[in-house]
Every structure is written in C-alpha cells, then in structure tokens.
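Worksheet for the structure shown next.
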2 protein chains.
Amino acid sequence: MTGGYLKGRIRREDIITAAAAAYGELGYHSSSLREIAKRVGITHAGLLYYFPTKEALLAAVLERRDAEDSDREQLDVAPGLDVLRHFVALAGHNVRHPGIVDLYSRLAAEAVAPDHPAHEYFVRHYRAARASIHESFEVLAARGQLRDGVDPAMAALTFIALMDGLQVQWLTVPGDVDLVGSLRFALQSLLSVPL
Amino acid sequence: MTGGYLKGRIRREDIITAAAAAYGELGYHSSSLREIAKRVGITHAGLLYYFPTKEALLAAVLERRDAEDSDREQLDVAPGLDVLRHFVALAGHNVRHPGIVDLYSRLAAEAVAPDHPAHEYFVRHYRAARASIHESFEVLAARGQLRDGVDPAMAALTFIALMDGLQVQWLTVPGDVDLVGSLRFALQSLLSVPL
DNA sequence: CCTACCGATCGGTAGG
DNA sequence: CCTACCGATCGGTAGG
C-alpha cells in the first residue's frame, strides 16, 4: 500500500522541478503558483495540497539544490589545485545546463533584499563557498603554488564574485562570453603553476 | 509663463528618482506604479499623466543613468592605467551610494530574460563597457604593463564580471566584502606595474 | 493632476 | 487532488 506514497513523492518531485525551472525563467516573485501548477498539469489549489504556501515550495527547491550539491561533493576532492579544477569542470557542466545557472542567478539577485525568503539561504551559501575556496587557496599558498602577493582570502572572494558575474553576463549575451575559458584564465592569473 | 513647464520638469525628475530607488529595493516588476507614486505624493493615475506606461518610466530611469554616466566620462581619461584607477574610484563612490548599486544589480539580474524591457539596454551596456575596458588593456599590453600571458579581451570580460559579482555579494553580505580592496587586488594581479 | 472604474491576476481557503 | 470562491493588488483608461 505504499503506492500512494510513491506517487505522491513523484508528484512532489515534479512540482519542485517545474518550480525550479519557473524561478530560473521568471524569478521567484513572478512565478505564480498557477503557472507552476500548469506546467505539472494540475491546478494551483492542487499544488497547495503538496506545498502549503508559496514559500514552502521555494524552501523545497533550495533544499533539493543543496542535496544535489552535497551528492556531488561526496566524491570530495582534497583542498588544492583539484578543487579549482573541480570548479572549472562545474562551469562546463553549467554551460550544458543553463537552467541551473538561470535559477541560481535570478534567485541570488532577488535575494539581496533582506526580507526575501531566500536571503538567509544565500548568506549561508556565500559564506560556505568562500570558506571552502579560501581553504584551497591557503593550501596552495603553503605549497608555493600561488603567485607572489596573492592573498588567499581575497582570492577566494573575488573568485566567487567572478563566477557569479560571468554567469549573469553569459545569460545576457551568451555569444560574447566563454564561461569556462574566462574562469580558467582568471584562475591561472592567480597561480604560479599551470592549472 | 515657463513656470508650469519647470514645475512639470521637476516633478518628472522626482518621479524618476523615486522609481530608481524602488527598482533598486524591489526590482522593476515588483515596483508598482502605486508604490512609486506614493513616494512622490501623488496617485498612480497622476504618475501616468507624466509617464504613459510602466515601461516608459523604466526607459526614463535608464536614460537618466546613461546621461549621468556620460557626464562623469566627460572629463574623459585616456585609455590605460588611469581608466582602471577610475573604476576603482567608481567602486569607492558606489560604496557610499548603495542605491545605485542596488538599482544596477537588481535590473541586470531581471534583464537576463530576453523579453525584459531592460534587456536590450543591458546588452548594449555590457558591450560598451567591455569595448572600453578592452581598449585600456590593449594599451597596457603595448606598454608592457600587463603581466605575461594576460589576454586583453579576457581581462576586460572578467574585470566587468568581477565588478558585477562583487556588487551582488556586497549587497547580500555587506560586512564580508571589501568592494574597493577586492577590486584593487584583482586588478593588480593582472598588471606588471603597481596600480 | 484626481476620482472612479475596468479586467486580469495573485496567494490562499472552504469544502468536498 | 478539484471547483468555487475571497480580498488584495496590478497596469491602464475615462472623464474631468
């Protein structure tokens, strides 16, 4: 008798997928429950049977993104050059999955507002990303693989900012931006060894 | 009898100012005409007497920003190190005027959507900014002021992306980001001479 | 510039 | 899960 539960779980996943796509295309505020429900083939009242409020659905989308990220980092790389290569590879993955970039960029921009329901999520996200990359740059510095005068903390901060900025520019003028090449270039200019 | 015209022009300016602030805080789509009108002390129907549609008001906001930028570049700097210093100074200015950063970041993110009314504006904006900075990096390269292996085109693209990304991160976690210091750091890592 | 209005859309609820 | 509904809000118009 778990059939009902299974079907419900699948439906929930479908709704989260549709919501993530809508948030990427339209932003969170402009994605109505009716629009998301239509993509799944139900009514907006039906959607509210699975997620009690609009914010609860957003929370579910962010939770799934975190879970996916955790999965990917399970095969976790030791701090150092490999982490940087990992991020370049991630950029390559993103180029083939623009929906992920859309979702992240649109939400990040909306969420600068302190009262946006995803604000705290992004505050945590930035801190975690910065800490992780900072650690790698510290390791590189200790090994003498960083160019002279490169401060690990600054390098981490600017590296993340660069990724985010490149993504927005790439979404706006796709033909003008080589996401992977630019990232590799910027990274290389911080290192004293080939990436 | 130009009094009437003058009052109208001042009113128009006030509306544009209020709209720019609202766009920065709420984004374009979430800034209702009623909200903007209230900040000016009129009704939304009164606002529509000055600007016939919501999009016309957005266009006016963008036009004024361009005009202000042109003014600032009137005292125009020759391509080279001075242009880079100019951008660092601009970042310093922005830190003291977060409203400008808000407006720009929020609109840029919304406008990745091709059907956003500010989309074409940002396409042009990115191209122009890139061309201008590219030129400076070319000049620096010719003078041997660029580090070995630094490609002027890539440097221009990543420099703009970095500024944009830093701004979003600064808006989200202001205490964690040194806008000016980070920019100076990133710039210095591209140069073979002190900035 | 305002009052008064329009049709459309929104998130959420009742009740099944 | 749906139908039917609610109050609120939206951009825009009529008519002055």
Side-chain angles (χ1 to χ4, degrees), chain A residues 1-23 25-62 106-107 110-111 113 115-118, chain B residues 1-23 25-62 106-107 110-111 113 115-118:
Chain A
M1 256 324 177
T2 53
Y5 287 124
L6 177 63
K7 207 166 90 183
R9 226 155 47 219
I10 290 175
R11 186 65 105 180
R12 278 179 64 92
E13 287 304 312
D14 287 348
I15 293 171
I16 293 174
T17 301
Y23 296 166
E25 292 167 32
L26 311 166
Y28 166 69
H29 281 126
S30 297
S31 294
S32 70
L33 297 179
R34 283 166 175 87
E35 167 64 26
I36 296 165
K38 200 199 304 173
R39 295 179 184 214
V40 186
I42 62 176
T43 64
H44 93 283
L47 190 160
L48 287 166
Y49 167 79
Y50 290 98
F51 300 93
T53 65
K54 193 183 181 184
E55 279 197 29
L57 177 54
L58 172 60
V61 168
L62 296 178
R106 296 279 325 223
L107 283 188
E110 277 187 329
D115 60 345
H116 191 285
Chain B
M1 257 319 178
T2 53
Y5 287 124
L6 177 63
K7 207 166 92 184
R9 227 156 46 218
I10 289 174
R11 187 65 108 178
R12 277 179 64 93
E13 287 304 313
D14 287 348
I15 294 172
I16 293 173
T17 301
Y23 296 166
E25 292 166 33
L26 311 165
Y28 167 69
H29 281 125
S30 297
S31 295
S32 70
L33 297 178
R34 283 166 176 86
E35 167 65 25
I36 295 165
K38 199 200 304 173
R39 295 180 183 212
V40 185
I42 60 176
T43 65
H44 92 282
L47 190 160
L48 286 166
Y49 165 79
Y50 290 98
F51 300 94
T53 65
K54 192 182 182 184
E55 280 197 28
L57 177 54
L58 171 61
V61 168
L62 297 178
R106 296 280 323 226
L107 283 187
E110 276 186 330
D115 60 346
H116 191 283

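Convention: sequence-line order gives letters A, B, ...; per-chain numbering from 1. We use all heavy atoms of the structure for the numbers below, so side chains are in, but hydrogens, waters and symmetry mates are not.
Looking at F51(A) and L58(A), their side chains never come closer than 4.5 Å, going by heavy atoms from C-beta outward. Put simply, the side chain of L47(A) reaches to within 4.5 Å of the side chain of I15(A), judged on heavy atoms. Counting heavy atoms from C-beta outward, E110(B) and R106(A) have side chains that approach closer than 4.5 Å. The closest side-chain heavy-atom distance from E55(B) to Y28(B) is below 4.5 Å.
Rounded to an integer number of Å, the gap from I36(B) CD1 to dC10(D) P is 10 Å. Residue F51(A) contributes atom CZ, which lies 13 Å from atom P of dG12(C) at whole-angstrom precision. If you measure from atom CG of L33(B) to atom C1' of dG12(D), you get 9 Å, rounded to the nearest angstrom. In this structure, K54(A) places its NZ atom 15 Å from P of dT13(C), rounding to the nearest Å. Across the protein-nucleic acid pair, E55(A) atom CD and dG11(C) atom C1' stand 11 Å apart, rounded to whole Å. R34(B) has its CZ atom 14 Å from the C1' atom of dC10(C), to the nearest Å. Distance, Y28(B) OH to dC10(D) C1': 12 Å, rounded to whole Å. Per the geometry, NZ belonging to K38(A) stands 14 Å off C1' belonging to dC10(C), to the nearest Å.
Qualifying salt bridge (charged side-chain N to carboxylate O under 4.0 Å, His left out) partners for R34(A), counting only residues two or more places apart in sequence or in other chains: none. Checked against ring-ring contact (aromatic ring centres under 6.0 Å, His included), H44(B) has no partners two or more places apart in sequence or in another chain. Checked against side chain to side chain contact (heavy atoms under 4.5 Å, CB included), T43(B) has the following partners two or more places apart in sequence or in another chain: A45(B).
Contact check on R39(A) versus E35(A) returns a salt bridge, with a Lys/Arg side-chain nitrogen under 4.0 Å from an Asp/Glu carboxylate oxygen.
Of the residues in residues 13-21 of chain A, none has a non-hydrogen atom less than 4.0 angstrom from any atom of DNA chain D. Within residues 39-50 of chain B, the residues approached by DNA chain D to less than 4.0 Å at the level of any non-hydrogen atom are H44(B), A45(B), L48(B), in residue-number order.
Distances shorter than 4.0 Å separate none of the side-chain N or O atoms of S32(B) from OP1 or OP2 on dT9(D).
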>> Test side chain to side chain contact (heavy atoms under 4.5 Å, CB included) on L48(B) and T53(B); report intermediate values, then the result.
In response: CA-CA 6 Å; L48(B) 286 166; T53(B) 65; 5.5 Å; no
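How far CD1 of I42(B) is from OH of Y50(B): 6.5 Å, rounded to the nearest 0.5 Å. The OG atom of S30(A) lies 8.5 Å from the NE2 atom of H116(B); values are rounded to the nearest 0.5 Å.
Within the nucleic acid shown, S31(B) comes within 4.0 Å of sugar-phosphate atoms alone, with no base atom in reach, counting heavy atoms only.
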>> Please convert DNA chain D into dot-bracket. A pair counts if it is Watson-Crick or G-U wobble with both distances under 3.5 Å; crossing pairs go in [ ] and bases paired with another strand get |.
In response: ||||||||||||||||
